[in-house]
Amino acid sequence: MHEGTLALGDIGPFDLQATVESGQSYLWDRDDGRMYEGEGTSAGEAWYVTVVRPETEWALEDTHSGPEVVRVRQTSDSLQWEATFDADRTLRHRLRLADDLPAIRAATADEPLLGAAFDRYWGMRLVRDPPFETLISFICSAQMRVGRIFEMQRALADAFGESVTFDGDRYYAYPGPDALADATEAQLRDLGLGYRAPYVKRSAEMVAGGEAHPAEATDLAYEDARDSLTQFVGVGEKVADCVALFSLGFLEAVPLDTWIQSTIEEYFPDCDRGSYAETSRAIRQRLGDEYAGYAQTYLFHHLRNGGT
DNA sequence: TAGATACCTTATAG
DNA sequence: ACTATAAGGTATC
């Protein structure tokens, strides 16, 4: 068992529950099994656990080959973790612990609604999840409630993921491209994916067959990256923006989901330009260009939890 | 190119 | 109980 502690004094403002339960990542589970039961459910100092493949996140180094388990919880003054490997760098990377939150907030728009969102969830970070996992989980997110999206990813991992034991318990890694490409549409539908089942299978086949990989968009200019990501089946502009923002590090990406669209109607009506691309540009500029995606994520979480 | 419609499944409102 | 509606949309026509 590896373990470690990250002092909040070094990291800066951080909110673990908001970060992993706000609907940007569907790859973490609360250890008490009460993942995503709403705001009122106190996460307290609950542990959150996920299975990672360090070699896919650290392509340049690290020789780990199999899946590894890491769990983390937030205490009054630190982030505490336990894992099957040395998870320090992985956590810093995936939870974007190096982000300078005060500087990011200062660089976004001085709007009352946004200020309320920042105040309410101050410390929430964007995540940096692996590209394939993000691609598939957001294909699944279409017309789905956040709580059910978590369930679907859990079902996918349980059905097709590689297992690994940690501290006496069995965990399942997120299935890779090959596993999902080999799954039948019927199997995926049985997990409750509905019409998203063939999308998941076909996109997995594209990656497994070497035809394309979501990570390839990383080096493109933002809008080119978004366009490139829509080549995957089941990926339109909104899901492409989610992959760009929550995985590839395009912090200016603003996924135009139903919540943000209604927010635009109510608070920023002049930003509604008809098309996705033009409205996207307008709201991005309004929220603060380079960190507009951070602003979007705070707004989304705030509004979805009843904020006005 | 812009607009309308079908699509799986589940939960909640009426 | 039963139907309508909506849920972090996309593909197709």
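Every chain is numbered from 1, with letters handed out A, B, ... down the list of sequences.
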Check: So what does E151(A) hit on the nucleic acid, given a heavy-atom distance under 4.0 Å: a base, only sugar-phosphate, or nothing?
Finding: nothing
When rounded to whole Å, the CG to P distance for the pair N305(A) and dG8(C) reads 11 Å
note: L188(A), atom CG; dT9(B), atom P; distance rounded to Å ~ 12 Å
Under-3.5 Å N/O pairs linking protein and nucleotides 11-13 of chain C:
{"from": "dA11(C)", "atom 1": "OP1", "to": "G234(A)", "atom 2": "N", "distance (Å)": "2.7"}
{"from": "dA11(C)", "atom 1": "OP1", "to": "V235(A)", "atom 2": "N", "distance (Å)": "3.4"}

Give a yes/no answer on whether the side chain of Q143(A) brings an N or O atom under 4.0 Å of OP1 or OP2 in dA7(C).
-> no
Handout entry: pi-stack flag for F138(A) and dG8(C), centroid dist under 5.5 Å, interplanar under 30°
Key = no
Regarding the side chain of Y26(A), the nearest nucleotide among dC8(B), dG9(C), dG8(C) is dG8(C)
DNA chain B nearest-nucleotide lookup for R145(A) and L193(A): closer to the 5′ end is L193(A)
What do the steps show when you test K238(A) against D241(A) for salt bridge (Lys or Arg N to Asp or Glu O under 4.0 Å), and what is the final call? CA-CA 5 Å; K238(A) 186 273 178 183; D241(A) 262 335; over 6 Å; no
Item to check | Heavy atoms of other groups near D270(A) CG, more than 12 under 6.0 Å | outcome: yes
Worksheet item: Using a cut-off of 4.0 Å on non-hydrogen atoms, how would the nucleic acid contact of E185(A) be classed: base, sugar-phosphate, or nothing?
Response: nothing
From CZ of R273(A) across to P of dA2(B) the rounded distance in Å is 15 Å
Next item on the list: Take Y121(A) and H301(A) through the ring pair (Phe, Tyr, Trp, His ring centres under 6.0 Å) test and state the conclusion after the steps.
Entry: CA-CA 8 Å; Y121(A) 294 109; H301(A) 196 43; 4.2 Å; yes
Between Y174(A) and the options E133(A), Q153(A), R154(A), the side chain to side chain donor-acceptor pair (under 3.5 Å) test singles out Q153(A)
Grouping ILVMFWY residues whenever side-chain heavy atoms fall under 4.5 Å, the cluster of V164(A) otherwise contains M1(A), V49(A), V51(A), V69(A), F166(A), Y171(A)
When rounded to whole Å, the CE to P distance for the pair M152(A) and dA11(B) reads 13 Å
Exercise for the section: Would you sort out whether V233(A) and I139(A) count as a side-chain contact (heavy atoms from CB on, under 4.5 Å), showing the intermediate values? Expected result: CA-CA 8 Å; V233(A) 184; I139(A) 287 173; over 6 Å; no
Report task. For D182(A) and K201(A), run salt bridge (Lys or Arg N to Asp or Glu O under 4.0 Å): C-alpha distance rounded to whole Å, both residues' side-chain angles, the deciding distance at 0.1 Å, then the answer. Result -> CA-CA 8 Å; D182(A) 289 343; K201(A) 179 172 172 60; over 6 Å; no
Separation of dA6(C) atom C1' from Y195(A) atom OH, nearest Å, is 11 Å
- Given the C1' atoms of dT1(B) and dC13(C), what is the spacing between them in whole Å? 13 Å
| Salt-bridge present (R73(A), E82(A); N to O < 4.0 Å) | no
Among dC8(B), dT10(B), dT10(C), the one nearest any side-chain atom of R196(A) is dC8(B)
Here the distance between atom P of dT9(B) and atom CG of D190(A), to the nearest Å, is 9 Å
Whole-Å distance, L229(A) CG to dT10(C) C1', equals 15 Å
**Study point:** Rounded distance in Å between the C1' positions of dT5(C) and dA6(B)
**Key:** 16 Å
| Shared hydrophobic cluster, F138(A) / W259(A) (ILVMFWY, side-chain heavy atoms < 4.5 Å) | yes
When pairs are called at under 3.5 Å and a stem needs at least three consecutive Watson-Crick or G-U pairs, the stems of DNA chain B are B:3-7 with C:9-13, B:9-14 with C:2-7
For the P atoms, the ones on dG3(B) and on dG8(C), what distance do you get once it is rounded to whole angstrom? 25 Å
Here the distance between atom C1' of dG8(C) and atom CD1 of I136(A), to the nearest Å, is 17 Å
| Do the side chains of R94(A) and V127(A) get nearer than 4.5 Å, heavy atoms only? | no
